[in-house]
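A short write-up of the structure that comes next.
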Protein chains: 2
Amino acid sequence: MGTTQLDTVPEPKYWHLKTVLSEALDSDFAVGEILPNERELAARFGVARATLRQALEQLELEGRLQRRRGVGTTVAPPRVGVDVGTSQHGWPGAAGDSWQPVDCTSAVPPVAVARMLDGDCDNEVHVVRRIRVTHGQPVAAELLYVPAASVLDLAAIDSPSGAARARGVLRELQRLAMEGQDRAVELGSARADDAKELDRLPGAPVLVVTTRYFAHGGTAAVSVATYRADTCRLTFGDSGDLEISHHTQERRAS
Amino acid sequence: MGTTQLDTVPEPKYWHLKTVLSEALDSDFAVGEILPNERELAARFGVARATLRQALEQLELEGRLQRRRGVGTTVAPPRVGVDVGTSQHGWPGAAGDSWQPVDCTSAVPPVAVARMLDGDCDNEVHVVRRIRVTHGQPVAAELLYVPAASVLDLAAIDSPSGAARARGVLRELQRLAMEGQDRAVELGSARADDAKELDRLPGAPVLVVTTRYFAHGGTAAVSVATYRADTCRLTFGDSGDLEISHHTQERRAS
DNA sequence: AAGTGGTCTAGACCACTTA
DNA sequence: AAGTGGTCTAGACCACTTG
């Protein structure tokens with residue numbers, strides 16, 4: 001007996017740092033407030049800047065901090081709840097959805113998408129690009145893949161490209177009888193083009209929501225939407241604007 | 001004129017590295033295969049080990065790689081789709097769900113959870129711990145918070161703690177008339193205890209699924225389930241075992 | 001021009017797994 | 001004991017934003 005053996009698992013410095021900073025954020029800082037810069041924080045805690053950064057990265061991943069190059073590190077507001085629920089039945093572009101079309105091109109879809117589009121693996125499809133904005137901030141970027149077969153009335157879409165054509169494709173889609181949807185969520189990292197529209201650096205963590213739209217007994221369209229993982233909480237149902245804290249603190253007893 | 005100006009955005013080394021490695025994984029490696037160790041890879045690509053690691057971290061985040069201390073880096077299998085859909089109506093612990101109860105304690109819930117439990121902010125609740133296993137691998141760890149009011153027939157639960165008591169609480173829950181559910185998904189990092197059961201290091205990226213169960217016009221229980229973000233794709237509907245590629249490759253044209 | 005975060009280096013030691 | 005990934009250091013330079 002005696003040796004209370006508390007050092008069995010020597011906690012990494014950055015992990016302990018993260019805890020300390022997290023508590024400091026809760027008590028000593030207000031949302032939007034600017035933290036001291038990384039060099040100063042590192043000095044203050046007596047660690048190398050890389051170690052301090054490791055802690056900051058974690059906190060940013062958890063949506064507690066926001067860092068911008070050339071500006072500084074600020075305390076992030078609580079994550080905003082964005083509804084991606086099936087309650088939102090209907091085709092993309094239906095009246096009142098929060099997406100705004102940007103442009104539309106034609107391209108051969110990635111194999112993963114092609115596989116969902118009933119195997120048309122080398123055919124071009126319409127690719128509609130849309131942005132989702134909430135509270136004035138861009139929260140998601142989407143690529144909507146629509147096979148030509150889904151919008152047969154192609155002649156009605158006169159615009160060769162651009163937002164006008166995007167709206168045209170969406171309008172044609174509405175005419176189909178929707179038979180169901182199908183959603184999946186996974187973690188990914190932002191491609192360069194998405195990152196740009198989400199105001200993040202390439203590689204930033206995103207939640208990728210893949211939706212299949214069914215009609216005519218097949219897949220009429222596939223949407224790949226990438227949401228900012230740092231600022232968004234995806235909700236399914238009516239818990240939209242409920243505030244859920246950043247991390248679930250440990251408070252267990254026997 | 002002439003300067004074709006392709007160096008406008010000098011791509012970071014680790015980003016380029018990631019692309020190269022990603023393509024190599026597609027063509028030259030099989031699932032489960034072991035990569036050369038970090039020091040050799042760094043030397044082979046002529047970069048510092050830290051830079052190489054930055055690329056590997058991204059690939060691990062995207063579910064392409066799996067790294068284990070003392071063992072090595074292996075090519076990860078495609079993400080497994082786990083159903084968290086509302087199709088799975090019913091109380092936790094209903095027959096045939098893929099969770100297995102581990103233990104049950106009493107504790108004051110974190111404030112974020114307490115806020116969802118109709119404001120009982122300082123009262124103890126039952127905390128049921130469960131594990132979700134798929135294909136032999138642990139994919140999620142859950143804490144289920146059940147207010148005492150939801151399982152009034154407390155006397156029927158004789159076991160003071162442990163898996164038996166957990167099953168008891170779940171059994172009592174079944175007796176209530178469910179009035180609805182409510183789900184949210186967000187990115188988080190694994191707490192120490194969750195990490196242990198998920199066979200990951202603390203801080204590993206996880207998808208946190210928060211579910212509210214409604215009954216009696218209030219919140220009867222709250223579940224906070226943390227899924228391994230590297231190995232899981234959360235599905236809502238019947239796209240369970242459909243294979244979706246790791247990252248959506250860029251293949252766009254005009 | 002000054003200050004910020006982002007990238008990169010070349011090393012060191014530690015914790016863990018396996019043989 | 002040897003080999004792996006995980007942590008940490010002390011520096012350097014770069015890209016970006018702002019006054």
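In this structure B:Arg167 satisfies the side chain to side chain donor-acceptor pair (under 3.5 Å) test with no other residue, sequence neighbours excluded.
None of B:Gln54, B:Glu57, B:Glu23, B:Glu62 except one satisfies the side-chain hydrogen bond (donor to acceptor under 3.5 Å, both in side chains) rule with B:Lys18; the exception is B:Glu62.
The neighbour count for B:Arg49 CZ, taken as heavy atoms of other residues, nucleotides or ligands under 6.0 Å away, is above 12. Atom CG of A:Asp199 sits in a sparse spot, with 12 or fewer heavy atoms from other residues, nucleotides or ligands closer than 6.0 Å.
No salt bridge links A:Arg132 with A:Glu142; every basic N to acidic carboxylate O contact stays at or beyond 4.0 Å.
At least one donor-acceptor pair under 3.5 Å links the side chain of A:Arg79 to the backbone N or O of B:Leu187.
Counting only Watson-Crick and G-U wobble pairs whose two distances sit under 3.5 Å, DNA chain D takes part in these stems of three or more pairs: C:1-18 with D:1-18.
Residues B:Arg67 and B:Leu56 meet the side-chain proximity criterion, which asks for heavy atoms closer than 4.5 Å. Using a 4.5 Å heavy-atom cutoff, the side chains of A:Phe236 and B:Val185 are in contact.
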Completion exercise
Given protein heavy atoms under 4.0 Å, the one-letter contact record of nucleotides 3-8 of chain C, with B base, S sugar-phosphate only and - none, is simply BBBBBS
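One interatomic measurement links the two molecules: CG of B:Asp199 to P of C:dC16, which rounds to 13 Å at whole-angstrom precision.
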